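Below is one structure; the comments refer to it alone.
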Amino acid sequence: MKGKAIIFSAPSGAGKTTIVKHLLKVNAQLAFSISATSRPCRFNETPDKDYYFLSNEAFDQRIQDGDFIEWEEVYSGTKYGTLKSEIERIWASGKHVIFDVDVSGGLNLKRYFGDRALSIFVVPPSVQALRERLIGRGTENDESLMKRVAKAESEIMRAREFEVLITNDVLEQALRDAEHIVNAFLNDRA
Ligand code: ADP
Ligand code: 5GP
């Protein structure tokens, strides 16, 4: 089997992690691409499962060593990136890879993988809803909330650069839509 790639991008708070986690639960063919990040681990995260947590110095060394397919300073002072070794690991295990990355990263991955990848953008019902979801998630302080909402407005304008859009208003509907779209892409042998 030739491994494929499913790329989920959206502004922070739109619900992409919720959708990606659901797809991983219902589709055993998929494996999550664990990104590297230089931000600290959150209370609800597990190292080497949610992210590979690296110091700033270690992250910069991996950049210099050419270990990333793509990386971004998503928020000032905080880098995130996709390691080449991660995709090799997943494809070698016979699974398809699924990504949860920011908008620039998603478009870069689509360019890198070409027809092997499907790029999906998760659209929030409004910026206000996104803000409320981020507050409800309980992971942000005032500063990080402001940074994420400010970035969201410009990210939403790039939605049309993606191949598929999924609106995440009623969560159950978004989950069903995501399942159908991903299954159709994975089952297409062309
Ligand atoms: P992202 O990964 O895009 O930053 P998350 O998946 O972490 O977003 O979702 C942000 C918050 O919004 C989470 O607390 C999640 O439970 C909640 N959420 C996700 N989808 C919906 C929805 N359709 N309606 C209401 N809340 C949602
Ligand atoms: P968070 O700090 O909320 O986990 O993630 C912040 C943002 O970084 C999210 O939009 C997330 O999708 C993005 N992100 C996570 N991993 C990567 C990655 O490997 N590359 C890029 N470009 N963005 C990533």
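For ligands, and for the atoms within them, numbers begin at 1 and follow the listed sequence. Just so we're clear, the structure is a prediction, and the values are computed from it rather than from any experiment.
Contact atoms of ligand 2 toward Arg39: 1 (P), 2 (O), 4 (O) (distance under 4.0 Å to a heavy atom of the residue). With ligand atoms numbered from 1 in the order given, ligand 2 contributes 22 (N) to contacts under 4.0 Å with heavy atoms of Glu72. Each of the following atoms of ligand 2 lies closer than 4.0 Å to a heavy atom of Tyr51: 1 (P), 4 (O), 5 (O), 15 (C), 16 (N). The Val74 neighbourhood of ligand 2 comprises atoms 7 (C), 8 (O), 23 (N), with distances under 4.0 Å to a heavy atom of that residue. Atoms of ligand 2 found under 4.0 Å from any heavy atom of Glu70, numbered from 1 in the order shown, are 18 (C), 19 (O), 20 (N), 21 (C), 22 (N). Counting the atoms of ligand 2 from 1 in the order shown, those under 4.0 Å from a heavy atom of Thr82 are 19 (O).
Using 4.0 Å as the threshold, Phe8 has no heavy atom nearer than that to any atom of ligand 2. For the ligand labelled ligand 2, residue Phe99 lies outside the 4.0 Å heavy-atom shell.
Distances from atom 16 (N) of ligand 2 to the heavy atoms of Ala10, Ser35, Gly13 show the closest one on Ser35. Looking at Tyr52, Phe68, Tyr80, it is Tyr80 that brings a heavy atom closest to atom 14 (N) of ligand 2.
Residue pairs meeting the salt bridge (charged side-chain N to carboxylate O under 4.0 Å, His left out) criterion with at least one partner in residues 104-130, sequence neighbours excluded, are Lys110-Glu163.
Between Phe59 and Phe68, the ring centre distance stays below 6.0 Å.
Ion pairing of Glu172 with Arg176 is present here, as a side-chain N (NZ or NE/NH1/NH2) and a carboxylate O approach within less than 4.0 Å.
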Atom pairs and distances, donor-acceptor, side-chain atoms in residues 41-49, under 3.5 Å, two or more places apart:
residue, atom, partner, partner atom, Å
Glu45, OE1, Arg39, NH1, 2.9
Glu45, OE1, Arg42, N, 2.9
Glu45, OE2, Arg39, NH2, 2.7

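Proximity of Arg148 to ligand 2, defined as any heavy-atom pair under 4.0 Å, is confined to the side chain (atoms from C-beta onward). Contact annotation for Tyr75 and ligand 2: only side-chain heavy atoms (C-beta onward) come within less than 4.0 Å of the ligand. Only the side chain of Arg42 comes within 4.0 Å of ligand 2, counting heavy atoms alone; its backbone N, CA, C and O stay farther away.
Side-chain contacts under 4.5 Å among hydrophobic residues (ILVMFWY), followed directly or transitively, place Phe162 together with Val103, Leu107, Phe121, Val123, Leu165.
In terms of protein heavy atoms, atom 13 (C) of ligand 2 is closest to Asp102 N, 3.5 Å. Protein heavy atom in closest approach to atom 9 (C) of ligand 2: Lys16 NZ, 3.9 Å.
A donor-acceptor pair under 3.5 Å is absent between the side-chain atoms of Arg148 and the main chain of Leu134, judged by distance alone. Using a distance-only test at 3.5 Å, with no hydrogens or angles considered, a donor-acceptor pair links the side chain of Asn27 to the main chain of Gln29. Not one N or O on the side chain of Ser35 forms a donor-acceptor pair closer than 3.5 Å with the backbone of Tyr80. The main-chain N or O of Lys79 is found under 3.5 Å from a side-chain atom of Thr37 such that the two form a donor-acceptor pair.
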Hey, what polar pairs (N/O, under 3.5 Å) does ligand 1 make with protein?
residue, atom, partner, partner atom, Å
ligand 1, 2 (O), Thr17, N, 2.9
ligand 1, 2 (O), Thr17, OG1, 2.4
ligand 1, 3 (O), Gly13, N, 3.4
ligand 1, 3 (O), Ala14, N, 3.3
ligand 1, 3 (O), Gly15, N, 3.0
ligand 1, 3 (O), Lys16, N, 3.0
ligand 1, 3 (O), Lys16, NZ, 3.2
ligand 1, 4 (O), Gly13, N, 2.7
ligand 1, 4 (O), Arg137, NH1, 3.0
ligand 1, 6 (O), Thr17, N, 3.4
ligand 1, 6 (O), Thr18, N, 2.9
ligand 1, 6 (O), Thr18, OG1, 2.5
ligand 1, 7 (O), Arg137, NH1, 2.8
ligand 1, 8 (O), Gly15, N, 3.1
ligand 1, 20 (N), Asn168, ND2, 3.0
ligand 1, 23 (N), Arg133, NH2, 3.4
ligand 1, 23 (N), Asn168, OD1, 2.8
ligand 1, 23 (N), Asp169, O, 2.9
ligand 1, 23 (N), Leu171, N, 3.4
ligand 1, 24 (N), Arg133, NH2, 3.3

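Linking Ile, Leu, Val, Met, Phe, Trp and Tyr whenever their side-chain heavy atoms come within less than 4.5 Å puts Val20 and Val182 in one cluster.
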* To do: Please step through side chain to side chain donor-acceptor pair (under 3.5 Å) for the pair Gln173 and Asp169, ending with a clear verdict.
  => CA-CA 8 Å; Gln173 183 61 50; Asp169 186 356; over 6 Å; no
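For the residue pair Gln128/Glu132, the side-chain donor-acceptor check at 3.5 Å is satisfied. Side-chain atoms of Glu179 and Asn183 include no donor-acceptor pair closer than 3.5 Å.
Considering backbone and side-chain N/O atoms, Asp100 comes within less than 3.5 Å of an N/O atom of ligand 2.
For the side-chain contact (heavy atoms from CB on, under 4.5 Å) criterion with Glu86, the lone passing option out of Ile34, Ile69, Val97 is Ile34.
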